[in-house]
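A short write-up of the structure that comes next.
Reminder, nothing fancy here: chain letters follow the sequence lines and each chain counts from 1.
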4 protein chains.
Amino acid sequence: MTVKDRQRKEKKVHIVQAAAKVFAQKGFSRTVMADIAVEAGIGKGTIYEYFDSKEDLFFAVFQWFVHKIGVETRVRVSALGGSASERLEALNDSLINSWLEMEELYTLIMEFWAASSSSQMKGKFKGAFREGYSEFRHIVSALIRDGIDRGEFRSDVDAESVAAALVGTWDALLLQAWFDDAFDPFATARSFMSALIGGLKKEW
Amino acid sequence: MTVKDRQRKEKKVHIVQAAAKVFAQKGFSRTVMADIAVEAGIGKGTIYEYFDSKEDLFFAVFQWFVHKIGVETRVRVSALGGSASERLEALNDSLINSWLEMEELYTLIMEFWAASSSSQMKGKFKGAFREGYSEFRHIVSALIRDGIDRGEFRSDVDAESVAAALVGTWDALLLQAWFDDAFDPFATARSFMSALIGGLKKEW
Amino acid sequence: MTVKDRQRKEKKVHIVQAAAKVFAQKGFSRTVMADIAVEAGIGKGTIYEYFDSKEDLFFAVFQWFVHKIGVETRVRVSALGGSASERLEALNDSLINSWLEMEELYTLIMEFWAASSSSQMKGKFKGAFREGYSEFRHIVSALIRDGIDRGEFRSDVDAESVAAALVGTWDALLLQAWFDDAFDPFATARSFMSALIGGLKKEW
Amino acid sequence: MTVKDRQRKEKKVHIVQAAAKVFAQKGFSRTVMADIAVEAGIGKGTIYEYFDSKEDLFFAVFQWFVHKIGVETRVRVSALGGSASERLEALNDSLINSWLEMEELYTLIMEFWAASSSSQMKGKFKGAFREGYSEFRHIVSALIRDGIDRGEFRSDVDAESVAAALVGTWDALLLQAWFDDAFDPFATARSFMSALIGGLKKEW
DNA sequence: CATGAATGAGGCTTCATTCAT
DNA sequence: GATGAATGAAGCCTCATTCAT
């Protein structure tokens with residue numbers, strides 16, 4: 001039975017990945033179930049053996065995406081070393097880098113945003129987004145608090161707020177890069193980080 | 001004839017505003033033309049006297065929105081006074097404030113994002129977004145450069161990058177607030193600004 | 001406005017009649033909306049301007065049918081004259097006759113029966129059937145009671161029961177005729193009526 | 001091999017009974033093969049080892065039903081004793097009784113009726129119905145003819161017609177009871193029978 | 001100009017049936 | 001023989017768009 005369960009799970013993931021690709025290319029409403037079936041190399045009806053509806057599948061793609069990002073980010077963070085400033089800057093580079101590598105998935109995020117505001121499942125989407133952002137903020141704020149604790153950053157810094165802003169900044173720089181090929185999120189982020197870190201550091 | 005033209009223009013705007021409301025409530029694809037007609041108090045066919053298609057109307061809503069935001073922001077900025085730091089902080093408050101006031105329109109932006117990545121008109125959407133962001137960055141970077149020129153900010157600050165990051169931060173804090181009712185973008189933004197401005201300022 | 005309403009009603013009836021024809025030929029589930037549209041000479045989507053769903057249309061056909069039968073029967077009964085026995089026999093002839101004339105609609109009734117037991121709207125179907133039978137029984141029992149009041153029939157006859165049985169008998173003889181081309185509902189009904197009326201009449 | 005054949009037959013009957021239950025609950029088209037498999041406690045594919053198609057299975061259910069009714073009725077009739085009148089009345093009670101006991105199967109009959117008028121196999125259904133009714137009429141008419149031969153009933157009574165009508169009456173009273181919970185087929189049938197038998201009996 | 005009744009292309013979903021295991 | 005995962009034909013319904021009034 002466990003073998004069967006595993007196979008079933010693998011097939012679900014297979015479909016989800018095929019769907020992710022098509023959704024990323026065409027967006028949710030312009031995507032047709034038949035396209036996903038073709039992409040996954042299966043019959044149209046088979047999708048419904050694994051997912052209840054198009055929306056259900058879309059949400060599964062969303063969850064898979066959130067999970068994937070979460071795992072990758074945690075791996076990235078755990079690999080960091082050095083002072084808090086160095087780790088922040090390294091995280092900055094690492095994140096921007098990894099996101100630039102999966103540019104083709106930006107569309108998905110925008111579709112997720114739209115789904116979180118107008119889909120019938122908007123509650124579920126919002127909830128998952130909320131948790132994802134929350135987790136990400138905690139990772140970053142822990143890093144900043146660590147800098148404060150070490151005496152590297154000023155003690156009057158509001159770690160939570162700065163973390164929230166940073167998280168948002170990464171988001172938004174990539175968004176601007178998405179709109180503007182001439183925009184260099186990498187350079188922009190570095191310049192910004194150096195200014196921000198200047199503001200965080202203890203003056204003496 | 002000019003009178004007629006004016007009337008025509010007014011009716012277009014009327015339809016656009018009605019459409020904006022409905023699109024904001026239901027998103028693009030779940031919105032049906034009939035709803036817009038009802039909201040505008042006109043016949044379904046009349047919409048097609050003013051717009052070529054649903055997408056065309058949606059793009060008109062987008063343009064109207066971008067224009068509206070642009071005007072409001074410029075007005076807001078031109079009203080600022082004081083030192084560069086003070087003006088940045090005032091702009092921060094002002095922007096967050098004004099956006100919180102039109103929460104019901106967030107949905108629209110997310111729909112615009114989605115449209116800019118998957119709609120048939122994605123080129124047009126991306127272009128308008130690019131220009132909007134660019135304009136906004138210029139406004140903010142001018143403010144920062146002014147601070148540098150006045151000797152208030154450090155001369156090695158990259159005004160463009162910081163501006164880009166700030167613009168993105170506002171975007172993204174509001175997004176996080178959209179997902180999480182417990183998230184206070186106002187307080188977060190202020191804390192963050194004070195840290196950032198600390199990093200911008202000349203040490204002496 | 002009344003003109004428009006009238007036109008709308010006429011079109012509804014037009015669709016109902018087209019649908020009745022197709023449902024009678026193919027039954028409910030083998031009937032395809034497109035067939036009805038073709039039969040009615042309209043577009044597929046137009047049906048949905050007048051009816052919510054296939055089931056809704058089917059129920060409308062049912063109601064139209066019940067109404068039609070009701071009206072025809074009342075007309076038939078009101079035209080009867082003579083003694084109670086004569087009127088019963090005349091009604092017998094008249095009903096069998098009229099039903100034989102619309103043989104092509106038998107299928108509909110059987111579909112209605114099936115719908116009343118397994119359709120999602122079975123409650124509504126059962127209710128309408130109940131009322132239809134009830135009305136029919138009242139008509140016949142009134143006739144029999146009249147015969148009792150006139151002293152033509154025995155006073156210990158249970159008019160309601162006999163009416164119910166008679167109504168059922170007509171139903172069932174036609175059903176048997178439907179199954180068996182060699183079965184003559186006309187002759188059978190007459191023989192039976194004479195025996196039954198013999199049992200109703202006062203002996204003296 | 002005979003053992004295997006018997007086992008095969010038993011399994012067929014098992015499936016038929018499971019199918020009968022599901023068809024009775026949901027009707028033909030709303031029934032899905034998977035439900036039947038679950039009810040029978042077997043795999044979906046197994047049904048196709050025993051029956052060619054859904055329609056084929058449905059027809060098998062029909063035949064099983066007709067057979068079952070036929071056997072039960074013959075048993076019932078053979079148990080009757082007394083005068084012809086008494087046997088008719090006893091048969092009346094017995095039939096109504098037994099049908100009331102299997103109310104949950106009425107739905108099946110209505111489905112069979114519908115199938116006999118619109119299914120692809122309507123010829124076969126009609127044929128079986130014809131034979132079933134014919135057999136039933138013969139049973140009843142034999143009873144009546146016996147009454148005539150004994151000098152209990154009038155010799156000018158048309159036994160065939162009265163039998164046909166009686167058979168139909170039972171059918172239709174149960175149908176009316178199906179539609180109307182307040183309708184008492186038992187009492188109605190008895191009152192009717194007494195009137196009818198009065199018309200059959202010799203006056204002297 | 002304004003309208004809304006009519007349209008039909010198109011998509012999601014169901015489910016009887018097949019067939020590899 | 002038994003199974004149930006896979007299939008794809010088929011059908012209901014939606015809705016952007018048209019056009020006669």
TODO: Summarise protein proximity over nucleotides 13-21 of chain E in one line of letters, 5' to 3': B for base, S for sugar-phosphate only, - for none, counting protein heavy atoms closer than 4.0 Å.
DONE: BBSSBB---

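- Because its NZ or CZ atom is both nearer than 6.0 Å to the ring centre of D:Phe28 and within 45° of the ring axis, D:Lys54 counts as a cation-pi partner of that residue.
- Between F:dA2 and D:Tyr50, a contact under 4.0 Å exists linking OP1 or OP2 to a side-chain N or O.
- Rounded to whole Å, atom P of F:dA16 lies 9 Å from atom CD1 of B:Ile47.
- Between the CG atom of B:Asp35 and the P atom of F:dC15 there is a distance of 9 Å, given to the nearest Å.
- Between the side chain of B:Thr31 and the backbone N or O of B:Gly27, at least one donor-acceptor pair lies under 3.5 Å.
- Note that B:Lys124 lies in the cation-pi zone of B:Phe59, set by a 6.0 Å cut-off to the ring centre and a 45° limit from the axis.
- For A:Phe112 and A:Phe23, the distance between ring centers is not under 6.0 angstrom.
- In this structure, CD1 of B:Ile36 is placed 8 Å from P of F:dA16, rounded to the nearest angstrom.
- The two residues A:Lys68 and A:Leu105 come nearest to each other via the heavy atoms CE-CD1, 4.4 Å.
- Helical stems of DNA chain E (runs of at least 3 Watson-Crick or G-U pairs, donor-acceptor distances under 3.5 Å) are listed by first residue: E:2-21 with F:2-21.
- Atom C1' of nucleotide F:dA5 and atom CG of A:Asp5 are separated by 14 Å, given to the nearest angstrom.
- Between the side chains of C:Gln25 and C:Thr107, no donor-acceptor pair of N or O atoms lies under 3.5 Å.
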TODO: Determine, stepwise, if the pair D:Lys12 / D:Phe51 fulfils side-chain contact (heavy atoms from CB on, under 4.5 Å).
DONE: CA-CA 8 Å; D:Lys12 272 194 93 160; D:Phe51 302 94; 3.6 Å; yes

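- Contacts of D:Arg8 with the nucleic acid, taken as non-hydrogen atoms under 4.0 Å apart, involve only primed sugar atoms and P, OP1 or OP2.
- We find the CZ-CD1 distance between B:Phe58 and B:Ile36 to be 10.0 Å, quoted to the nearest 0.5 Å.
- In this structure, the CD atom of A:Gln7 is 15 Å from the P atom of F:dG4, given to the nearest Å.
- Rounding to whole angstrom units, CZ of residue A:Phe51 and P of F:dA6 are separated by 12 Å.
- When only modelled atom types and interatomic distance are considered, C:Glu55 and C:Ser119 share a side-chain donor-acceptor pair under 3.5 Å.
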